Structures are given as C-alpha cells and as structure tokens.
Amino acid sequence: MVRVPFRAAADRVRHRLSRLARPASRSRTAAPKASRATDRTGATAPGGPKAPRPAVPGDLAAPAPRPWLRALGMLAVVVLGAWLGLLAVGSIRTPVGPMDTNMTLRPSLTGGSKINVAPLGALELDSHIAPLRLDVDVDRLDPERSQALVDQPERFSGLQDEVTRDVAAGTGELAVRSCVAVISGATALGLVVYRRPRRALAAGGLALTLLAASGVSAYATWNPKSVLEPKFSGLLSSAPSLVGDARSIVTEFDIYQQELARLVTNVTKLYDATSTLPVYQPDPGTIRALHVSDIHLNPAAWHIIASLVEQYEIDVIIDSGDTMDHGSAAENGFLDPIRDLGAPYVWVRGNHDSTVTQDYLKKFRNVRVLDDGKAVNVGGLRIAGTGDASFTPDRTAPVGGKAAAQLEGARLASALRDQERAGTPVDIAVAHDPNTARETDGTVPLVLSGHLHRRINEQLKLGTRLKVEGSTGGGGLRAVQNEKPEKVHASVLYLDRSTRRLQAWDEITLGGLGLTTAEVSRHLPEENLKKDSPVPPSSSPSPTGSGTRPTPSP
C-alpha cells in the first residue's frame with residue numbers, strides 16, 4: 001500500500017510531460033473521461049483508465065488565446081466583402097447637365113476624387129482624406145441636351161445651378177446605394193466564411209461602422225477648393241481647354257459644386273468643339289509666360305516648346321539657361337529653331353553656355369539676352385537677369401562654387417534696386433543658379449532659375465517667390481546614360497496684366513525618352529487660395545469665332 005502514492009505521483013508527472021510534448025492545438029477537453037474505478041487515495045485502479053486531472057493555472061500545454069488573429073480575420077472578411085459589394089452594385093448612372101456620368105465609390109489609401117473624361121484623360125482632386133475615392137466617369141455627351149444648349153445659348157447661365165442639383169442628387173443616391181452594397185457584401189461573405197448568422201451580422205455591422213467612420217473622415221477633411229489645383233493626365237493638347245482662365249479661377253470660384261459645374265461646362269465644349277456651341281469670352285488681362293530651362297541640346301525640346309506656345313497662346317518664353325552642353329561654336333546651329341517659335345525669347349547664360357553661345361543668340365531678332373542685371377520690356381513684362389558666374393562644360397566643380405553664385409546674385413539684387421529707384425521696377429528676375437536667385441529676395445516679386453533639373457517653388461523670407469524649373473530637355477542627350485529616362489518639365493505662368501503679379505501656374509510634365517505620358521498640374525499662390533471673396537455671376541457666353549483667342553489656363 002505504501003507504493004500506491006508513489007505510483008500515483010509518478011503517473012501525474014508522466015502525464016504532465018506527455019501533455020507538454022503534445023501539440024498545443026490539442027484541447028484538454030479531448031482527454032478521456034476518467035473511470036470511477038479509483039481507490040480512496042485517488043490512484044487509478046490497475047487496468048482502469050486514468051483519472052482526470054484538474055486544469056493547472058499557468059499550464060504551458062494550454063493553447064495560447066489569440067483574439068487579435070480572430071479580429072484581423074474578421075476585418076479582412078469585412079473589407080473584402082465591402083469591396084466586392086461596391087464593385088457589384090456600388091455605382092450609379094446619373095445625368096450631370098448635358099453629360100451622362102457613372103459615379104462610383106472605390107477603396108483607396110489616399111482618398112480624393114477622380115473625374116475620367118474619355119478619351120482626354122482624367123482630373124485628380126485632393127478633395128478629402130478617407131479610405132474611399134469618388135470616381136466620376138463621363139461616358140458621353142447627350143445629343144438632345146447638347147442640341148438644346150445650341151438652340152438656346154441663354155441656358156448656359158443656368159447650367160451651373162442645374163449641374164449642382166444633378167451632382168447633389170447623384171451623390172445622395174450613391175451614398176445610399178454604397179451603404180447597401182457594403183453591408184450586403186460584408187454580410188454575405190461573412191456567412192460564407194463563418195457559416196454562422198451571428199458572425200455574418202457582426203461583419204455587416206462592422207462594415208457599416210467602417211463606412212460611417214470613412215464618411216466622417218471625408219467630411220472632416222473636405223477641401224472645397226481642391227478643384228483650384230487639379231492634376232490632369234492624358235492628352236497634353238487637350239489639357240488646357242478643360243479648365244477656365246486663370247483670372248476667373250482666382251476671382252470667381254469658391255465651392256466644389258461650382259467648380260465641378262464649370263468643369264462640366266468646359267467638357268461640354270470639348271466634346272462638341274466642331275459644333276456651334278458658344279464659348280466664354282476669354283480674359284484679356286492675363287499674360288502668359290512659358291518658363292523653360294536646361295534643354296541641354298535636346299532637339300525634341302523645340303517641338304515641345306512650339307506646341308506649348310501655340311496651345312497656350314504664350315506671350316513670352318523665358319529660358320533660365322543651360323541650353324547647350326559645351327558652349328562650343330559647333331553647337332550654335334542647335335539654336336536656330338528659336339527664330340520660329342512664335343514668341344519673344346528671353347535668355348540667360350547657364351554654366352554649360354559660353355559667351356560664344358551668348359553672342360550668337362544676340363543676333364536673333366526675337367531673342368533678348370540678359371546679363372549683368374540688364375532689364376528689358378517683353379510681352380507686357382519687365383524682366384531682368386544675369387548669366388551664370390561659372391562656365392563648367394565638363395561638369396567639374398564650378399570655380400568659386402556657391403560663393404561666386406551668391407556674389408553674382410548680390411550684383412543682380414543691386415541692379416534691381418537701382419531699377420526700382422529709377423521708377424522702372426522689375427516684374428521678374430532670371431538667374432540660372434538658385435543660389436544666385438535667392439540673393440534677390442525682397443527686390444522683385446518673382447525670380448526664376450533652373451540648374452537642379454527638378455522643380456522647387458518657395459516663398460523666400462522677404463516675400464520674393466522663387467521658382468526653379470526642371471529640365472525641359474529631359475536632361476539632354478546625356479540622359480540616355482541614366483537608368484530611367486528623365487522627365488521633361490516646363491511651366492506656364494499666368495500674370496495679371498495690370499499688376500503683373502503671378503496669379504497661377506501650370507506645371508507640365510512629359511515622360512522622358514521613349515515615354516508618351518503627359519501631366520498638367522495647376523497651382524495657385526497661397527495668398528490666392530486664402531481669398532474668400534464672393535462668387536460673382538458667371539460671364540455671358542459669346543459666339544464662337546468672335547475674334548478673341550481661346551484661353552487655355554491653369
């Protein structure tokens with residue numbers, strides 16, 4: 001009888017070790033029920049089944065609970081089900097003015113809105129921040145409604161209100177349909193995965209909660225002025241026609257629906273460009289300047305510049321240098337197409353341009369070469385500039401480096417102050433090196449430069465705006481040595497003709513060598529974005545062929 005307690009203790013130790021060796025997924029409930037054939041000491045009777053052992057707190061053999069895995073699985077089911085629901089039934093077809101559109105909510109990491117205008121491209125708007133994006137696909141221009149506008153041009157004055165009502169009705173219906181789609185999709189997928197009605201209903205409820213949270217996020221971050229700075233991608237030749245003129249953007253637009261209404265009006269004109277649809281009277285008070293830089297002997301740049309001059313009706317081209325690679329006399333023939341660009345050409349010397357290049361350009365009748373702070377009146381603007389302080393055709397470190405560039409900038413700033421004291425203040429200063437350009441802070445409203453092959457837009461401490469342009473030549477012929485093609489950059493600047501202050505600008509980006517992409521991003525100075533002036537009545541339309549030029553704008 002003495003050995004019975006020892007045998008029972010040994011059995012318990014042996015049982016615990018076997019439990020530790022078993023897979024953690026095996027539950028204690030799988031242990032066979034103990035037989036009642038035990039003696040009073042609790043030992044198992046010989047030949048009988050083992051007695052059950054009470055659970056021991058902290059037993060390592062017990063499976064570790066992982067509720068976060070279950071929650072993550074539920075979240076995955078909800079998100080996938082909601083997405084499938086949106087894909088299946090989460091869109092509506094609705095008329096917006098003369099257009100037939102398809103509105104859809106899509107999952108997105110960044111939010112915003114996207115307006116697809118086939119075959120021209122798309123407008124992307126930073127309208128809100130939420131895991132949902134609003135897609136508006138413009139399917140077609142309804143011929144009957146379009147003809148009604150042709151027959152009754154006075155209806156254009158009420159088109160904005162009509163579009164606002166259509167958009168409000170469409171988005172309201174889309175919100176209801178999306179709620180149903182999200183809840184149904186998540187519930188259905190939950191039922192398939194879990195096969196339990198309660199878990200499926202929980203998935204539907206969680207989907208509704210997430211959708212409500214997304215709606216609150218979109219409402220809290222809603223930016224009604226996002227249409228002031230859209231990003232257009234698609235056919236470059238059609239991009240400028242899709243928006244109103246720069247002056248109207250600054251003074252007339254205020255809220256999202258009005259912006260979208262104006263957009264639809266312009267899209268209507270695009271779709272029916274060959275008909276007698278009226279167009280709006282262009283704004284004669286806008287000066288358009290094309291800023292290019294760092295062409296680096298790329299002959300394709302001249303075709304791009306000529307196209308932009310024609311498309312945007314450019315008043316003056318401003319080149320901030322590095323047109324050449326070595327500045328040799330043998331390269332001078334590359335400059336000859338400047339004569340036929342169709343606009344005055346203002347140029348400053350870059351560190352890859354030589355005085356030989358400069359002297360050759362001085363012979364062109366449409367070219368104004370700026371150096372040593374010289375100022376000229378071109379295209380309604382007074383522009384001054386200086387050549388680069390260094391000549392480094394072999395890309396070695398510039399002699400004097402940043403210090404030489406800053407010294408040249410100080411000379412330019414002094415010349416600008418002299419111009420202001422003489423009663424002929426300068427509107428735009430030009431220098432190739434941004435280090436030179438920064439020294440003009442406080443002496444001119446706007447200074448342009450290049451050199452870096454990337455864009456910079458910066459408001460300097462004393463109020464001067466610095467705009468650094470990328471490479472209009474896509475880095476030049478040397479760009480083929482790079483792993484990826486360098487993009488082509490140019491900018492169209494819109495300035496008020498009376499104040500000659502910058503109103504807005506378009507940043508034009510083309511794909512580099514072998515690429516065919518095109519993108520136009522419109523931007524406004526911060527001071528214009530902060531304006532909350534009331535919206536005046538829309539301008540009256542005038543018939544096509546009135547003798548005024550079409551106004552491509554930011």
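Keep in mind it's a predicted model, so treat the numbers as computed, not measured.
From T499, atom OG1 reaches atom CG of L502 across 9.5 Å, with rounding to the nearest 0.5 Å. In this structure, the separation between NZ on K114 and OG1 on T104 is 12.0 Å, given to the nearest 0.5 Å. Between the NZ atom in K362 and the OG1 atom in T355 there is a gap of 9.0 Å [rounded to 0.5 Å]. To the nearest 0.5 Å, atom OG1 of residue T110 and atom CD1 of residue I129 are 9.0 Å apart. Atom CH2 of W347 and atom NE2 of H432 lie 10.5 Å apart (nearest 0.5 Å).
Side-chain atoms of D322 and D353, non-hydrogen and from C-beta on, do get closer than 4.5 Å to each other. Under the 4.5 Å side-chain criterion, counting only non-hydrogen atoms from C-beta, P434 is in contact with L452. In this structure, I428 and L495 have side chains that are in contact, with non-hydrogen atoms separated by less than 4.5 Å. Within the 4.5 Å cutoff, the side chain of W302 has heavy atoms near those of the I338 side chain. With a 4.5 Å cut-off on side-chain heavy atoms, I295 and I305 count as touching. The side-chain heavy atoms of M324 and L297, taken from C-beta on, include a pair separated by under 4.5 Å. Within the 4.5 Å cutoff, the side chain of S449 has heavy atoms near those of the L466 side chain. In this structure, the side chains of L448 and L493 come closer than 4.5 Å at one or more pairs of heavy atoms.
Taking the six-membered ring where tryptophan is involved, the planes of H128 and W222 are essentially parallel, since the angle between them stays under 30° and well short of 60°.
Partners of R365 by salt bridge (charged side-chain N to carboxylate O under 4.0 Å, His left out), not counting sequence neighbours: none found. Legend: residues meeting side-chain contact (heavy atoms from CB on, under 4.5 Å) with V356, ordered by chain and number and at least two apart, are A329, N332, S354. For D135, the salt bridge (charged side-chain N to carboxylate O under 4.0 Å, His left out) test picks out R133, with sequence neighbours left out. For T440, the side chain to side chain donor-acceptor pair (under 3.5 Å) criterion is met by no residue, not counting sequence neighbours. Partners of R411 according to the salt bridge (charged side-chain N to carboxylate O under 4.0 Å, His left out) rule, which considers only residues two or more places apart in sequence or in another chain, are E408. Listed by chain and residue number, nothing satisfies the ring pair (Phe, Tyr, Trp, His ring centres under 6.0 Å) test with W83 (two or more places apart in sequence, or in another chain). For the salt bridge (charged side-chain N to carboxylate O under 4.0 Å, His left out) test, no residue two or more places apart in sequence or in another chain qualifies with D441. T424 meets the side chain to side chain donor-acceptor pair (under 3.5 Å) test with Q419; sequence neighbours excluded. Under the side chain to side chain donor-acceptor pair (under 3.5 Å) criterion, E458 pairs with R438, sequence neighbours left out.
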Fill in: Candidate pair V316 and R368, rule side-chain contact (heavy atoms from CB on, under 4.5 Å), full reasoning
CA-CA 11 Å; V316 58; R368 301 291 183 270; over 6 Å; no
Discussion item. Go through it in stages, so that I can follow the logic: the residues are H453 and H296, the test is side-chain contact (heavy atoms from CB on, under 4.5 Å), and I'd like the CA-CA distance, side-chain angles, deciding distance and then a yes or no.
Written reply: CA-CA 11 Å; H453 292 207; H296 287 292; 3.2 Å; yes
Worksheet item: Please walk me through it: do T286 and Q503 pass side-chain contact (heavy atoms from CB on, under 4.5 Å)?
Response: CA-CA 9 Å; T286 302; Q503 289 184 322; 3.9 Å; yes
Discussion item. Using the rule given for side-chain contact (heavy atoms from CB on, under 4.5 Å), can you reason through E331 versus T357, listing the C-alpha separation, both sets of side-chain angles and the distance that settles it, and then say yes or no?
Written reply: CA-CA 8 Å; E331 296 172 317; T357 306; 5.5 Å; no
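The stretch residues 337-351 participates, sequence neighbours left out, in these salt bridge (Lys or Arg N to Asp or Glu O under 4.0 Å) pairs: D336-R339, R349-D371. Sorted by first then second residue, the ring pair (Phe, Tyr, Trp, His ring centres under 6.0 Å) pairs that include residues 355-380, not counting sequence neighbours, are Y360-F364. Sorted by first and then second residue, the salt bridge (Lys or Arg N to Asp or Glu O under 4.0 Å) pairs with a member in residues 375-391 form an empty list; sequence neighbours excluded.
Here the side chain of D315 pairs a donor or acceptor atom with the backbone of R288 at under 3.5 angstrom. With hydrogens and angles disregarded, a donor-acceptor distance shorter than 3.5 Å links the side chain of D294 to the backbone of H451. In this structure a side-chain-to-backbone donor-acceptor pair under 3.5 Å is missing from H489 to T472. Side chain of E469 to main chain of S491: a donor-acceptor pair is present (N/O by atom type, distance under 3.5 Å, no hydrogens or angles). Put simply, the side chain of D506 never gets that close to the backbone of I508: no donor and acceptor are under 3.5 Å apart.
When every heavy atom of P445 is checked against every heavy atom of D427, the shortest pair comes out as CD-O, 3.6 Å. Heavy atoms only, all atoms of each residue included: R465 and W505 are closest at NH1-CH2, 3.9 Å. I287 and D496 get closest at one heavy-atom pair: CD1-O, 4.4 Å. When all heavy atoms of G111 and S108 are compared, the pair lying nearest together is N-OG, 3.1 Å. A pairwise comparison of heavy atoms in S113 and S127 identifies OG-OG, 2.7 Å as the closest pair. Residues G321 and S293 come closest through the heavy atom pair O-OG, 3.7 Å.
Donor-acceptor pairing under 3.5 Å is lacking for the side chains of S390 and N351.
Within a 6.0 Å sphere centred on CG of N102, other residues, nucleotides and ligands contribute more than 12 heavy atoms.
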